[in-house]
Amino acid sequence: MTFIKRAKASRSLQKAATALIMLLTLAMAACDNGTDCNINNVSYNRIQLYSVGESENIVDGVYSYPDTLTVKLMINGRDSIVANRLVGASELQLPVSYTNECDTLVFEYSDGIDDTLYVEHSNIPYFVSTDCGMAMFHHVTGLRHTRNLIDSAAINEPLINFDWHENIKLYIVE
Amino acid sequence: MKISNYILLSSLLLILLPCTINAQEKKSEEKEGTFAFKGISLSTDIFGYMSSFLDDGMSGEVAIEANLGNRFFPIVEAGYGSIDITDENFGIHYKSAAPYMRAGLNYNFSYQEGKTLRPNYVYGALRFGCSKMKYDVSSPPLHDPIWGGEVPYSFSDVNGFASWIELGVGVSAKIWKNFRMGWCVRYKARVNATKSKNSKIGYIPGFGTNRHTRFGATYSLIYEIPFKK
């Protein structure tokens with residue numbers, strides 16, 4: 001009798017395991033379509049602004065530049081505005097050239113002062129997948145800048161790709 | 001670790017749980033042959049040849065499987081997968097051909113103690129697979145939408161390696177004498193896939209298109225080698 005009971009219990013457990021595996025398989029299929037494409041396949045250089053010293057414009061650890069800030073990109077000898085008269089800017093996401101090895105960014109402040117930041121980089125054409133296509137990633141190799149309101153600039157994460165991380169830390173004197 | 005990985009591990013435990021319980025409860029039966037060798041079978045997967053119609057490469061595969069006590073079926077699968085596609089949306093050309101291998105276990109859910117192997121039975125499948133490959137990938141030049149200019153893209157003989165696990169449910173049915181046929185639906189979860197400086201792997205032989213997870217299937221023709229006790 002004990003043997004029969006054990007055999008029945010074992011079979012019930014096996015059937016339950018089968019049903020559970022089938023259910024879990026279906027559930028996993030429903031939860032994950034497996035693709036991880038970026039929306040527009042463009043990678044951006046993420047620049048985070050910081051103040052030099054203490055500032056009343058730091059909220060929850062995030063510094064916001066209090067005045068207006070205009071950012072221009074030098075494109076083939078001409079300037080092009082990519083951010084116009086931002087107020088309270090804390091982070092900038094800027095495109096990067098596919099073919100140049102140095103991009104020139106001009107920061108115009110409210111009182112007519114400006115700074116220029118030179119971002120030196122290499123370019124990495126990248127096959128993401130047949131589902132998602134191609135992308136251009138970059139590797140920041142160096143930074144140079146003028147010193148009107150920019151105190152210093154540092155490379156935080158040199159690889160510019162789809163990952164959400166700070167690439168450059170920019171320290172501003174208020 | 002992703003939630004799906006936890007689910008996979010849980011499912012693995014569920015498969016092994018009945019084995020553990022029985023192992024504890026019936027040590028005496030081991031003497032009678034819970035893991036007794038009952039025979040070997042050879043099989044080939046037919047579904048892999050047809051999957052090229054699904055834009056998912058083509059593969060040929062053979063397997064050798066041992067029958068231990070009509071309950072546990074350790075199995076090794078070896079195959080060769082290839083793909084040569086040009087994507088319609090992006091114009092990307094991807095080409096690769098490489099061998100792959102899987103090893104694992106089938107567990108007979110229809111097992112009944114003291115009885116011979118049923119003509120038809122349902123089983124759970126667990127596999128670990130891996131493949132080392134080389135691939136060529138090229139695309140139309142990348143156009144810079146802001147600065148202008150183009151960057152060519154073409155790389156050949158890029159090295160890659162990928163591994164994955166599979167969890168599945170299948171059916172095996174006797175069709176004639178020592179021949180069986182069977183299908184198995186499998187959920188595949190990628191464990192790792194290397195990246196080169198300029199590309200990810202696009203196609204993993206034995207796994208399919210390189211994604212986190214995939215579904216796969218096999219439809220096998222099986223020959224049981226006659227075995228005398």
Exercise. Where is the tightest heavy-atom contact between B/Leu142 and A/Ala135, given as atom of each residue plus distance?
Worked result: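 Looking at all heavy atoms of both residues, the shortest contact is CD2-O, 3.4 Å.
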Exercise. Counting only heavy atoms not in A/Lys169, do more than 12 sit closer than 6.0 Å to its NZ atom?
Worked result: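 Yes, the 6.0 Å shell around NZ holds more than 12 heavy atoms from other groups.
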Problem set entry | From CD1 (B/Ile83) to OG1 (A/Thr130), nearest 0.5 Å |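 Separation between the atoms: 7.0 Å.
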Exercise. Rounded to the nearest 0.5 Å, how far does OG of A/Ser129 lie from CZ of B/Phe90?
Worked result: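 With rounding to 0.5 Å, CZ (B/Phe90) is 7.5 Å from OG (A/Ser129).
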Exercise. Between the main-chain N or O of B/Trp147 and the side-chain N or O of A/Asn76, is there a donor-acceptor pair closer than 3.5 Å?
Worked result: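 The answer is yes, because a donor-acceptor pair under 3.5 Å joins these two groups.
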Exercise. Between B/Ile201, B/Asn198, B/Val151, B/Val137, which shows the greatest number of heavy-atom pairs under 4.5 Å with chain A?
Worked result: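 Top count of heavy-atom pairs under 4.5 Å with chain A: B/Asn198.
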Problem set entry | Leading residue by heavy atom contact count with chain A [cutoff under 4.5 Å; candidates B/Asn89, B/Asp87, B/Ile92] |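 Answer, by heavy-atom pair count under 4.5 Å with chain A: B/Ile92.
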Problem set entry | Identified side chain to side chain contact (heavy atoms under 4.5 Å, CB included) counterpart of A/Met134 within the set B/Ser139, B/Ser199, B/Pro140 |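 Answer to the side chain to side chain contact (heavy atoms under 4.5 Å, CB included) test with A/Met134 among B/Ser139, B/Ser199, B/Pro140: B/Ser139.
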Exercise. Listed by residue number, which members of residues 83-99 of chain A have a heavy atom under 4.5 Å from any heavy atom of chain B?
Worked result: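 From residues 83-99 of chain A, the residues near chain B are A/Pro95, A/Val96, A/Ser97, A/Tyr98, A/Thr99.
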For this session: Using non-hydrogen atoms and a 4.5 Å limit, figure out which bit of A/Asp103 sits close to chain B: side chain, backbone, both or neither.
Result: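 Just its side chain gets close to chain B.
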Exercise. Can you tell which of A/Ile124, A/Asn123, A/Ile75 has the highest number of heavy-atom pairs within less than 4.5 Å of chain B?
Worked result: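 The residue among A/Ile124, A/Asn123, A/Ile75 with the greatest pair count is A/Ile75.
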Exercise. Does the gap between the ring centers of A/Phe127 and B/Phe155 come in under 6.0 Å?
Worked result: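 Not under 6.0 Å, so no.
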Exercise. Considering only heavy atoms from C-beta outward, does the side chain of A/Tyr126 approach that of B/Lys195 to under 4.5 Å?
Worked result: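 Yes, side chains in contact.
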